[in-house]
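Structure record follows, encoded as structure tokens.
Numbered from 1 within each chain, the chains take letters A, B, ... in sequence-line order. Owing to the predicted nature of the structure, the values given are computational and were not obtained by experimental measurement.
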Amino acid sequence: MAKYVLKVKGMHCASCSVLIDKLIGKQEGITSIKTSYGAEKTSIEFDESKISLEKIDEFIHKLGYDLIRPDEASATPEEEEAKDRRIIKEAQRRVIAAFALALPIIIYYMALHMFNLKHVHAIYGIDLNYIYWVLSTPIQFIIGWSFYKNSFTSIRVGSANMDVLVALGTSAAYLYSTIGFLFFNIDHPFWESSAALLAFILLGRYFEAVAKGRASSAIKELLKLEAKDAHVLRDGQEILVPIDQLKEGDIVVVRPGEKIPVDGIIIEGKSHIDEKVVTGESYPVTKTVGDEVIGATINQEGLLKFRVTKVGKNTLLSQIVQMVEEAQASKAHIQDLVDKISEYFVPAVVVISIFVFVGWYFVAGLPFRAGLIRTIAVLVISCPCAMGLATPTALMVGIGRATKFGIILKGGEALEKAYQIDAIAFDKTGTLTIGKPTVTEFILLDPSVDHKKALAVIGALEMGSEHPLARAIAEKAKQELGEKNLPKVSNFEAVAGLGVKGTVEKKAAFVGNQAFIEGLGMKTDKYATEVQKLQGEAKTVVFAAYGKKIIAILALADTLKPYAQEAIRELKKMGKEVIMITGDNPKTAEAISKQIGIDRFYAQVLPQDKAQLIKSIQEGKDSTTNGVKSGSKKVAMVGDGINDSPALAQSDLGIAIGSGTDVAIATGEIILVKDDLRDVVTAIQLSGKTIKKVWGNLFWAFVYNVVAIPVAGGIHLLVTQSSLGVAAPWVLNTVSAMGGQAGQVFLNLSQATLRPEIAGFAMALSSISVVLNSLLLRRYTPPIERSISVVK
Amino acid sequence: MNKYFILGLVGFLIIAGGVSYKVFLRPASSEPVTTGEVKEFTVTAEKDEWRFTPENIEVNRGDKIIMTVVNEDDYDHGIAIDALGVSQRMPANQTIKIEFVTTQAGDFPFYCSVPCGEGEVHGVKRTHFDMIGTIKVRDLVREDKNPLPTDTNGIHIKGELDINL
């Protein structure tokens with residue numbers, strides 16, 4: 001069995017991925033294949049004894065796509081970015097070209113219909129229709145060729161997306177106009193329908209391309225983290241080699257400030273290592289001989305020598321890259337709402353149009369052409385250009401609105417699915433909490449030393465230490481007293497693993513853990529209850545002694561971020577399940593979750609296991625359900641570290657904290673710039689609003705179709721006419737009841753059918769209504785924001 | 001099953017249903033009638049009148065109508081009769097000839113299908129939307145109670161689309 005996650009080039013619509021899965025999945029030896037159009041990746045599992053990767057490549061190539069095999073050079077991040085830019089640029093060029101050609105036609109016909117102008121079909125003896133024909137042909141077949149291409153792919157996989165509808169409707173309009181004009185002298189070719197329709201839909205596609213962020217950037221960020229080369233000891237000599245030449249067992253030297261190139265075990269030296277990028281742990285970890293080091297982390301102080309244990313694909317970083325890739329490739333691309341509707345709408349339209357033709361020609365016995373015109377009218381009307389704008393315009397406005405609140409959306413897709421989330425998993429450190437210890441309790445024990453004095457002594461002493469707890473205490477002293485007011489410390493000494501000591505104002509001062517103080521001969525027994533209580537709250541307890549007497553107990557803990565509680569409360573009110581996932585110990589996890597109001601948490605989860613945990617929650621198979629499947633769930637993940645990245649990619653909606661690591665930010669689909677967890681609530685609410693707007697738009701785009709299709713097909717005549725050309729009695733009664741002009745209008749309307757050219761004109765109006773409707777979203781202010789401004 | 005296969009099947013069934021209705025079920029009164037009788041009319045859109053003259057035409061079911069349509073205006077008009085599949089352009093200052101067979105009885109409006117503006121005619125405002133006339137097709141067949149043999153092919157496009165500019 002072999003498993004690969006590979007890049008696929010040349011997919012131009014969501015149906016392409018379905019086509020690949022369907023046809024390649026049929027080949028012998030393929031166990032599973034999952035292709036993602038959004039990520040441009042395919043995840044294949046196959047039996048190597050039955051089929052080779054080359055063979056698979058060949059099949060995919062035959063379908064018109066290009067599989068990038070591992071042995072083929074893949075594009076660099078820069079090339080990828082350039083490609084994304086090119087795609088947007090191309091979409092833009094298409095829109096400009098389409099509008100340049102279509103505008104004269106649109107303006108002419110709009111003015112004509114709106115102001116009922118006299119139709120001058122010829123200028124200087126040249127029939128204007130020839131000009132329109134020349135203008136609209138390239139729009140139909142060159143600029144708009146992608147619609148034919150996409151609908152062909154769609155038809156091949158047996159689905160009907162919006163492109164099928166577009167191709168069908170515009171072709172009907174174009175062909176009717178062209179053939180009618182060239183050969184049958186029809187009264188009213190309607191070039192503007194197909195030209196305007198395509199131009200508007202291409203505009204929608206351009207918006208889409210702009211709004212669509214690429215998830216693949218995550219990988220680029222990860223690979224940027226890797227050190228480029230390493231100092232290796234070979235034959236006693238230190239040489240610089242690129243990291244891909246490193247082998248297991250090599251001895252690597254890392255100087256202070258350098259990146260650790262790959263994973264290994266320290267054989268010499270001691271240092272603090274900043275592992276934030278990988279583990280999310282916010283303070284440097286002390287490591288010495290025998291400890292493992294992780295590639296891409298930063299050596300802060302000492303000179304280290306370590307033996308390489310993992311290189312290339314086996315390093316933790318590469319594994320995380322692989323996990324992110326796999327999660328992204330297997331993620332289903334959310335189907336466009338419009339495509340979903342089209343799945344039913346297209347067959348319905350085709351059936352109705354056949355029905356209309358059969359009705360008029362075979363059943364009513366009217367001439368062939370009478371049936372044909374109405375059939376074409378149905379096809380043309382069924383293709384609303386507003387539909388192509390419904391989703392992108394709402395998403396564009398929604399994304400813009402979100403940015404105003406400090407929520408960056410990588411793409412419209414995030415906005416489309418955020419409201420569906422059932423459960424939200426939060427990473428603890430750095431996400432729910434600040435990720436740095438702060439002093440939560442400061443208990444004075446000696447009446448002769450007041451708060452100011454105690455803090456001054458302790459703060460002054462701790463200034464000398466690099467330990468994160470010491471820094472937190474020094475920070476508090478600096479904040480309350482000012483750095484200048486701290487006394488001088490002499491004879492400073494740090495005792496590793498215990499605490500610090502020194503002389504302040506001629507008296508010995510000590511700050512450290514319980515063991516440190518006990519070791520100095522001071523009894524801590526009488527404070528046992530306090531200590532226990534604090535430790536029960538997962539706080540770190542520090543003692544301070546001054547002049548041979550214990551003067552204070554300090555408790556330190558990682559504190560919650562501001563508004564974290566409010567955000568969780570709001571999410572619970574919205575009926576979302578809130579889960580905490582942390583690598584920390586259960587005690588700390590419990591304390592934090594209690595404090596914040598989360599009833600479900602997972603502690604001691606290894607970075608590698610986070611994604612798996614998210615997956616099991618998604619599938620409803622996690623431990624809390626006691627093996628009972630609780631049904632699948634849509635799970636969002638909020639995190640900040642590299643270790644969260646696979647989970648962010650695996651979740652249905654990855655939300656990264658703006659102050660987090662680059663990789664998390666690159667992997668997340670939503671980024672909270674303000675570092676305010678209430679924005680999670682805002683994002684979900686805004687998503688709901690936007691989706692409502694999309695539905696509203698689709699309503700405006702469709703309501704006209706639903707009304708117009710029967711009228712175009714003349715189906716309403718079954719009700720309004722008693723026999724052919726004779727108004728039904730109820731119509732005549734209504735007419736006489738209404739009387740006068742109004743009655744006449746009603747009579748005319750009830751007896752007429754909608755002509756295709758009028759329908760084509762009405763389409764533009766529905767487009768405008770959709771755009772205006774979307775712009776209304778700009779007035780949205782999230783309730784949380786509103787309550788803040790009221791408080792202010 | 002492939003959606004398009006089902007779609008094709010449904011389409012085929014509808015058409016088959018339509019054809020069998022035509023062949024086996026369609027009442028004789030609904031069959032298209034062609035008597036072979038030819039009637040000629042001239043319909044004129046008089047200069048800046050926004051009116052077809054004459055506005056009312058009466059014919060018999062089954063008549064072949066040869067209509068000479070004159071456009072006296074400097075701008076385009078169109079003539080359309082939805083039920084009979086007529087939809088022709090009347091280029092400025094030109095005369096066209098259209099032919100069709102009134103195979104079914106009823107009152108069929110013929111109207112201008114090309115926006116042609118508006119204006120004041122003898123103090124009354126007239127517009128493009130006022131250019132409506134009616135062809136009344138009398139059902140001699142039904143009145144006779146003696147239906148003429150009908151063309152079972154039922155297709156009469158031949159001749160309808162012949163246009164002489």
Closest approach of [X] to [Y] (non-hydrogen atoms, all atoms of both residues):
{"X": "A:Phe362", "Y": "B:Tyr21", "answer": "O-CD2, 4.2 Å"}
{"X": "A:Ala370", "Y": "B:Asp82", "answer": "CB-O, 3.5 Å"}
{"X": "B:Arg26", "Y": "A:Tyr361", "answer": "NH1-O, 3.6 Å"}

Sidechain-backbone polar pair: B:Gln104 side chain, A:Pro367 backbone, donor-acceptor under 3.5 Å |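 Judged by distance alone, no pair lies under 3.5 Å.
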Please state whether the side chain, the backbone, both or neither of [X] comes within less than 4.5 Å of a heavy atom of chain A.
{"X": "B:Ile132", "result": "side chain"}
{"X": "B:Leu7", "result": "side chain"}
{"X": "B:Ala92", "result": "neither"}
{"X": "B:Val19", "result": "both"}

Apply side chain to side chain contact (heavy atoms under 4.5 Å, CB included) to the pair A:Asn129 and B:Arg89, showing each step before the final yes or no.
-> CA-CA 12 Å; A:Asn129 281 309; B:Arg89 175 180 170 196; 3.5 Å; yes
Residue selection (most heavy-atom pairs with chain B, distance under 4.5 Å) from A:Leu372, A:Val358, A:Ile155 |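 Of the candidates given, the most pairs with chain B belong to A:Ile155.
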Chain B neighbours within residues 347-357 of chain A, where any heavy atom lies under 4.5 Å away =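 Against chain B, the residues of residues 347-357 of chain A that fall inside the cut-off (heavy atoms, under 4.5 Å) are A:Pro347, A:Val350, A:Val351, A:Ile354, A:Phe355.
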Under 4.5 Å from a heavy atom of chain B, the part of A:Ile186 involved =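 Contact with chain B: backbone and side chain both.
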Flag yes if more than 12 heavy atoms outside B:Phe41 fall under 6.0 Å of its CZ atom; otherwise flag no.
->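 Yes, the 6.0 Å shell around CZ holds more than 12 heavy atoms from other groups.
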Around atom NZ of B:Lys125, are there more than 12 heavy atoms of other residues, nucleotides or ligands at under 6.0 Å?
->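 Result for NZ/B:Lys125: open.
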Supply the atom-to-atom distance B:Asp76 CG to A:Asp127 CG, rounded to the nearest 0.5 angstrom.
->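 Rounded to the nearest 0.5 Å, the CG-CG separation comes out at 7.5 Å.
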